[in-house]
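Everything on this sheet refers to the single structure shown next.
For the numbers below, each heavy atom of this structure counts, side chains included, while hydrogens, waters and symmetry mates do not.
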Amino acid sequence: MMKNKTKASPNNNHTHYERVKIDCTCNRNITIEELTECYPGQKISILERFLPHINSAFNKYEINTCMRRMQFLAQIGHESGCLSYTAEILPKGVLESNIYDGYKGRGLIQITWKANYDKYGKYIGKNLLENNKIQLEAEDLATDSAGWFWTNGSTLNINNLADPNDFIAITITINGGLNGFEHRKSLLKNCYDALNLGACKSLAALREHMPEEAKKALSADKYHLDDSIAFNNPRSAFAWGYWHDPNSKRSGTKKNKEESALGYKRFLDLIEKKPFKKKAFGLTPAQMEKIARTATEKKD
């Protein structure tokens, strides 16, 4: 149910709606009003163009619960500037031919690398290589490719991370690190309200029988590394420490010595049991270990 307040936004001059929330969005199309609430600063004309493609991706890739949709919309919102961009904007002087095998980020989730363009192209039966790669910038394929990556493009189906509200692992899976973590989280809060997560039918039994677990599952504010599967991954644990480290130049999170130490200590615990042998974040395993040990050693 909507109340048209006929109040124009000073930023984009579109009608403002106040929504009276009655139901959740599980297994139905979301509305333009709900999408507007997810991305309140975006022009409604842009939202209207993407809405049918978003609903199509929801149906096609089983992003069919409020929790899955909240997580998906928060991530594509960050990656695309709330649907403003379907292609990566490269720094001045950087050529696409010199990065990612000549295939920069495209689509709402910013697919990169030739291999991924090829995999997605084969999935939909289209050639997306060479000059055809710009087809990923069209609204339909930009959205559909994001749905494809969500369920097929990484080593796991991200729906399985969304169900337990594992925002940390989702962000690392999509970004590789924690760039834009706080912005993604702010969009998550928008989507939580817009999609009426508090009344989600799929979580009704959990709210009734396990209220404390439901409280954690329904959070869109505070996320803890030790609640995430990222806690058991050395690369992810290091990322948590590195991005929160006040001495690191990585941005996207709030700098916090305690959170940084948590990630670094977990990384050191994990590599003691099984050595980590891959480069990550431009660092060798030896460099990563040195950073973690230096940050966590006790000072006299």
Side-chain angles (χ1 to χ4, degrees), residues 1-86 107-109 138-151 158-159 162-163 165 167 170 174 183-204 206-207 217-221:
M1 182 183 299
M2 305 293 165
K3 293 180 179 179
N4 187 337
K5 297 182 75 174
T6 63
K7 180 180 178 182
S9 166
N11 294 326
N12 44 45
N13 195 32
H14 63 65
T15 302
H16 174 73
Y17 289 88
E18 179 182 9
R19 187 159 65 91
V20 180
K21 300 169 186 174
I22 298 174
D23 60 352
C24 72
T25 68
C26 288
N27 296 305
R28 68 166 173 83
N29 287 345
I30 65 168
T31 66
I32 189 61
E33 292 82 14
E34 288 161 343
L35 190 59
T36 300
E37 198 170 342
C38 290
Y39 308 137
Q42 186 53 277
K43 294 179 181 179
I44 197 163
S45 59
I46 292 176
L47 299 176
E48 287 173 335
R49 293 205 308 269
F50 277 97
L51 180 62
H53 304 301
I54 289 173
N55 279 321
S56 177
F58 283 164
N59 294 326
K60 182 176 179 180
Y61 297 103
E62 297 186 338
I63 307 171
N64 49 17
T65 67
C66 298
M67 186 67 74
R68 293 178 179 184
R69 292 172 174 190
M70 173 182 76
Q71 300 285 352
F72 180 81
L73 290 171
Q75 294 294 335
I76 68 168
H78 174 79
E79 295 291 338
S80 68
C82 296
L83 311 183
S84 294
Y85 309 104
T86 58
L108 297 185
I109 221 162
E139 290 150 7
D140 55 347
L141 292 189
T143 310
D144 188 76
S145 64
W148 169 81
F149 184 87
W150 192 260
T151 55
I158 298 178
N159 279 330
D163 290 340
N165 193 16
F167 176 66
I170 292 172
I174 291 172
H183 180 245
R184 294 172 203 267
K185 192 164 66 172
S186 70
L187 291 174
L188 198 75
K189 294 176 184 178
N190 289 352
C191 297
Y192 179 98
D193 292 333
L195 305 182
N196 205 13
L197 261 289
C200 180
K201 295 188 288 289
S202 66
L203 296 171
L206 188 65
R207 285 196 300 271
L218 286 168
S219 170
D221 183 25

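Taking each heavy atom of Ser84 and Gln42 in turn, the nearest pair found is OG-NE2, 2.8 Å. Across every non-hydrogen atom of Ile63 and Ala57, the tightest pair is CD1-O, 4.3 Å. Here the closest heavy-atom approach between residue Phe167 and residue Gln75 is recorded as CE1-NE2, 3.5 Å. Closest of all the heavy-atom pairs between Ala162 and Gln71 is CB-CG, 3.9 Å. In this structure, Thr65 and Cys26 approach most closely via the heavy-atom pair CA-SG, 3.7 Å. Heavy-atom minimum distance, Cys24 versus Cys200: CB-CA, 3.6 Å.
Glu33 pairs with exactly one of Thr31, Ile30, Leu35 by the side-chain contact (heavy atoms from CB on, under 4.5 Å) rule, that one being Thr31.
Taking 4.0 Å as the cut-off between side-chain N and carboxylate O, Arg69 and Glu34 do not count as a salt-bridged pair.
Using a 4.5 Å heavy-atom cutoff, the side chains of Leu108 and Leu83 are in contact. Residues Ile76 and Tyr39 have side chains in contact (heavy-atom distance under 4.5 Å, counting atoms from C-beta outward). Met67 is listed as a side-chain neighbour of Leu197, based on a closest heavy-atom distance under 4.5 Å. The closest side-chain heavy-atom distance from Ile158 to Phe72 is not below 4.5 Å. The closest side-chain heavy-atom distance from Cys82 to Leu187 is below 4.5 Å. Residues Pro40 and Asn190 meet the side-chain proximity criterion, which asks for heavy atoms closer than 4.5 Å. Side-chain contact check for Phe58 versus Leu73: some heavy-atom pair is nearer than 4.5 Å.
The closest donor-acceptor contact from the side chain of Ser186 to the backbone of His183 lies under 3.5 Å. Distance alone, capped at 3.5 Å, is enough to place a donor-acceptor pair between the Thr36 side chain and the Ile32 backbone. The backbone N or O of Tyr61 sits less than 3.5 Å from a side-chain atom of Asn159, completing a donor-acceptor pair.
With hydrogens and angles left out, the side-chain atoms of Thr86 and Glu139 include no donor and acceptor closer than 3.5 Å.
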Carefully, step by step, assess Ile170 and Trp150 under the rule side chain to side chain contact (heavy atoms under 4.5 Å, CB included).
CA-CA 9 Å; Ile170 292 172; Trp150 192 260; 3.9 Å; yes
Would you please test Asp23 and Asn196 for side chain to side chain contact (heavy atoms under 4.5 Å, CB included) and show each step?
CA-CA 7 Å; Asp23 60 352; Asn196 205 13; 5.7 Å; no
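Scanning for salt bridge (charged side-chain N to carboxylate O under 4.0 Å, His left out) contacts around Glu62 gives an empty result, with sequence neighbours left out.
Summarising the geometry, atom CG belonging to Asn55 is positioned 13.5 Å from atom CZ belonging to Phe50; distances are rounded to the nearest 0.5 Å. Atoms CD1 and CG, from Ile54 and Asp144 in turn, are 12.0 Å apart once rounded to the nearest 0.5 Å. In this structure, OG1 in Thr25 is found 9.5 Å from CG in Asn64, a value given to the nearest 0.5 Å.
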